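Here the structure is a predicted model, which means the values were calculated and not measured.
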Amino acid sequence: MQPLTSLRILLVDDNETVRRGLRSFLAPRADWLLCGEAVDGFEAVEKARTLRPDVILMDISMPRMNGLDATRIIRRELPGIRVVIVSQNEPSIVSRQAREVDAAACVSKSNVFQDLLPALDALAGHRNTENASNQGAGMLFSHENLSDTRFATNSPILNGGENVTESTASQKYDVADARKLAEHPAALLAAIVDCSDDAIVSKNLGGIITSWNRGAERLFGYSAEEAIGHNVTLIIPPGHRDEETAILERLRRGERVDHFETVRLRKDGTSVEVSLTISPVKDAAGRVIGASKVARNITEQKRAERSLRESEERLRALTDGLETQVRVRTRELEQRNAEVVQQSEQLRELSNRLVQTQDDERRRIARELHDSAGQLLTALGLNLSSITELARQNLPLDKPIEDCHALIQQLSKEIRTMSYLLHPPLLDENGLSEAIRWYVQGLMERSDLQIELGISQNFGRLPREMELSVFRIVQECLTNIHRHSDSKTATIRLSRRAEGVSLEIQDSGGGISVEKLAGIRAQRSGVGITGMRERVRHFGGALDIQSDATGTKILVELPVPMTATSEPGSLPQQSRSAG
């Protein structure tokens with residue numbers, strides 16, 4: 001068969017910079033065709049259905065539907081399409097995830113310029129071999145797959161109509177043994193049945209036993225010579241004989257009985273709880289001539305279930321008694337310590353909210369790193385690979401080099417902005433006034449919010465912890481105004497007097513509803529306002545929130561310790577920022 005002249009590729013990534021880099025990276029291969037692009041898992045599934053590519057390059061972290069879920073759907077609906085996972089997540093985790101969703105390969109974005117082309121070449125070569133083999137034999141087995149295959153069969157007919165039911169061999173065979181057994185299917189089926197741990201029995205429609213494997217000998221105690229030729233009622237207790245009549249009627253209609261739990265008798269007269277799967281056996285003309293039965297011993301399982309139920313009942317009784325005692329004691333404590341209980345609940349709620357806030361902040365930072373720095377580094381790597389390839393071909397390098405410079409500048413800006421937002425160095429080096437001016441200027445550049453800032457002259461420095469708290473309060477207030485108030489303007493007034501510091505922040509939005517404002521004043525507020533209140537309370541200050549239809553005003557008063565110097569926020573020489 002002639003090799004493929006083109007490999008059709010669908011590119012899936014939510015970052016345009018990465019997609020542009022991959023397009024440039026794949027462009028030199030004239031035998032490969034980029035047939036389409038998608039920005040999330042949903043779009044990837046739809047385009048896979050319509051475009052039918054040979055290979056999909058699939059990112060993992062994407063909105064709406066991630067790449068792993070999309071790969072599961074594509075591999076289930078379109079098994080002929082190979083998926084290569086391309087992600088910047090931890091390689092060992094991605095490798096395991098790729099195997100779980102049946103991806104053909106996985107490539108780390110940090111090494112994409114080294115590993116992607118060999119992976120695609122390998123897939124293209126495997127596809128040629130697979131197509132050639134399929135034309136000759138109708139199915140392709142690799143050596144690895146064949147050596148790990150577990151052989152199974154479903155309801156065959158053996159020895160002139162006596163059947164062997166479905167079973168799975170517990171032993172793995174090597175390739176040579178598997179091929180030998182495949183040449184003698186009857187021997188293979190007999191070996192599987194004989195080695196099964198389950199009891200496998202066949203009978204005719206009169207209930208006469210026609211086959212009896214070793215599993216049946218172990219379970220019921222009768223040898224094959226003792227059982228074959230006798231009625232199956234040999235192992236059915238008198239109180240369960242009506243089950244056999246009903247089962248035979250269903251088998252005559254060609255029905256199958258799955259996982260029927262009942263009781264059977266051993267040779268020594270003891271009972272054994274079993275799960276039965278019974279299938280009709282048909283002759284070559286399709287007539288039902290008997291039945292096959294697989295019996296599995298579930299005595300220990302049922303005993304464990306009964307023990308579990310008894311334990312649950314005892315635990316339930318004990319729990320009910322304890323709950324009664326707890327309720328009585330709780331009422332006593334509530335009556336005596338109502339205020340303490342209320343404070344404990346508030347503390348627990350605050351703790352939960354702080355944990356949630358930390359998790360949200362970590363998630364936001366991780367997402368920003370993934371979407372900004374991580375993707376820019378990937379695009380930079382792709383551009384460098386393109387430069388290497390163009391250099392080999394003595395082609396012009398000006399444009400990709402310019403792109404690299406632009407990406408480096410953008411990456412530097414992203415990292416600097418994120419670092420400053422986490423903790424602006426200006427706060428330690430130049431004090432609260434300069435840090436607030438820097439933050440206000442940056443927010444106005446990033447949004448359409450116009451901010452008027454007024455800071456009293458000779459404001460000086462505050463204790464470092466107080467400067468950080470005031471900065472975070474300003475940051476929280478401006479974030480709320482930008483996200484929730486619909487206000488286009490904000491005003492900040494920061495002043496210092498002999499007795500302390502005053503901060504006033506006001507917007508011109510629609511204000512806070514009466515119900516919500518009452519909840520805030522009753523200290524039933526969100527994490528942001530609760531955090532501001534706790535910061536102010538830590539310094540013995542006061543926070544007031546006023547709101548009406550013309551906007552919202554936040555007022556903060558903080559006393560300044562008498563021991564504060566003119567520059568109490570300045571750092572010791574050895575801890576100053578180096579740049």
Side-chain angles (χ1 to χ4, degrees), residues 100 165-168 170 196-201 215-222 232-247 250 255-279 293-360 362-363 519 522-527 530:
E100 290 174 351
T165 188
E166 62 181 19
S167 175
T168 300
S170 61
S196 174
D197 288 334
D198 293 334
I200 302 178
V201 178
E217 291 180 347
R218 289 190 295 269
L219 181 59
F220 298 116
Y222 293 98
V232 75
T233 55
L234 177 72
I235 58 173
I236 300 179
H240 292 264
R241 300 284 171 84
D242 55 338
E243 295 174 357
E244 181 66 13
T245 303
I247 289 172
R250 293 182 61 180
E255 298 179 8
R256 174 187 169 98
V257 180
D258 287 318
H259 307 300
F260 175 65
E261 295 184 359
T262 184
V263 178
R264 291 295 180 257
L265 282 177
R266 292 191 176 101
K267 182 179 179 179
D268 61 8
T270 59
S271 298
V272 57
E273 295 180 271
V274 296
S275 174
L276 302 179
T277 297
I278 308 168
S279 304
K293 178 185 302 184
V294 178
R296 176 163 297 177
N297 188 349
I298 60 171
T299 302
E300 291 301 322
Q301 173 187 332
K302 302 303 287 187
R303 184 179 294 117
E305 290 176 357
R306 287 191 292 270
S307 177
L308 179 60
R309 283 196 298 271
E310 293 171 358
S311 298
E312 288 176 346
E313 290 173 359
R314 290 194 297 269
L315 180 60
R316 190 177 298 109
L318 178 61
T319 301
D320 292 341
L322 289 175
E323 286 180 352
T324 301
Q325 296 178 27
V326 168
R327 283 195 296 270
V328 172
R329 184 60 179 163
T330 300
R331 282 196 297 268
E332 294 175 356
L333 292 174
E334 287 176 346
Q335 293 171 358
R336 297 174 185 176
N337 305 293
E339 182 177 352
V340 174
V341 171
Q342 181 181 10
Q343 292 176 352
S344 298
E345 290 297 328
Q346 291 174 348
L347 181 59
R348 186 180 299 112
E349 182 180 359
L350 176 60
S351 176
N352 290 335
R353 289 180 179 179
L354 289 175
V355 170
Q356 181 181 354
T357 300
Q358 289 176 340
D359 290 340
D360 291 342
R362 291 190 182 101
R363 186 180 297 110
Q523 300 189 9
R524 297 191 306 273
S525 54
V527 175
T530 301

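Note that the CZ atom of R296 and the CD1 atom of I200 stand 9.5 Å from one another [nearest 0.5 Å]. Atoms OG1 and CD, from T330 and Q335 in turn, are 11.0 Å apart once rounded to the nearest 0.5 Å. Separating the CG atom in L276 from the NE2 atom in H259 is a distance of 11.0 Å, to the nearest 0.5 Å. Separating the CG atom in D258 from the OG atom in S279 is a distance of 7.0 Å, to the nearest 0.5 Å.
With sequence neighbours left out, the side-chain hydrogen bond (donor to acceptor under 3.5 Å, both in side chains) criterion links R241 to no other residue. Partners of E332 according to the side-chain hydrogen bond (donor to acceptor under 3.5 Å, both in side chains) rule, which considers only residues two or more places apart in sequence or in another chain, are R329. For R331, the side-chain hydrogen bond (donor to acceptor under 3.5 Å, both in side chains) criterion is met by no residue, not counting sequence neighbours. Take E243 and apply the side chain to side chain contact (heavy atoms under 4.5 Å, CB included) test, not counting sequence neighbours, and it matches H240, F260, T262, R264.
Of the possible donor and acceptor atoms, one in the side chain of T299 sits under 3.5 Å from a partner among the backbone N and O of E273.
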Decide yes or no on side chain to side chain contact (heavy atoms under 4.5 Å, CB included) for F220 and L234, but give the supporting numbers first.
-> CA-CA 10 Å; F220 298 116; L234 177 72; over 6 Å; no
Residues K293, I247; criterion side chain to side chain contact (heavy atoms under 4.5 Å, CB included); working and verdict = CA-CA 11 Å; K293 178 185 302 184; I247 289 172; 6.0 Å; no
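For the side chain to side chain contact (heavy atoms under 4.5 Å, CB included) criterion with D198, the lone passing option out of V274, V294, T277 is V294.
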Run the side-chain donor-acceptor check on residues 312-323: report pairs under 3.5 Å with partners two or more places apart or on a different chain.
| unit_1 | atom_1 | unit_2 | atom_2 | d |
| --- | --- | --- | --- | --- |
| R314 | NH2 | S311 | OG | 3.2 |
| T319 | OG1 | L315 | O | 2.6 |

Atom pairs and distances, side-chain donor-acceptor, residues 265-272, under 3.5 Å, sequence neighbours left out:
| unit_1 | atom_1 | unit_2 | atom_2 | d |
| --- | --- | --- | --- | --- |
| R266 | NE | L219 | O | 3.2 |
| R266 | NH1 | T270 | OG1 | 3.4 |
| K267 | NZ | E226 | OE1 | 3.4 |
| K267 | NZ | E226 | OE2 | 2.7 |
| D268 | OD1 | T270 | N | 3.0 |
| D268 | OD1 | T270 | OG1 | 2.6 |

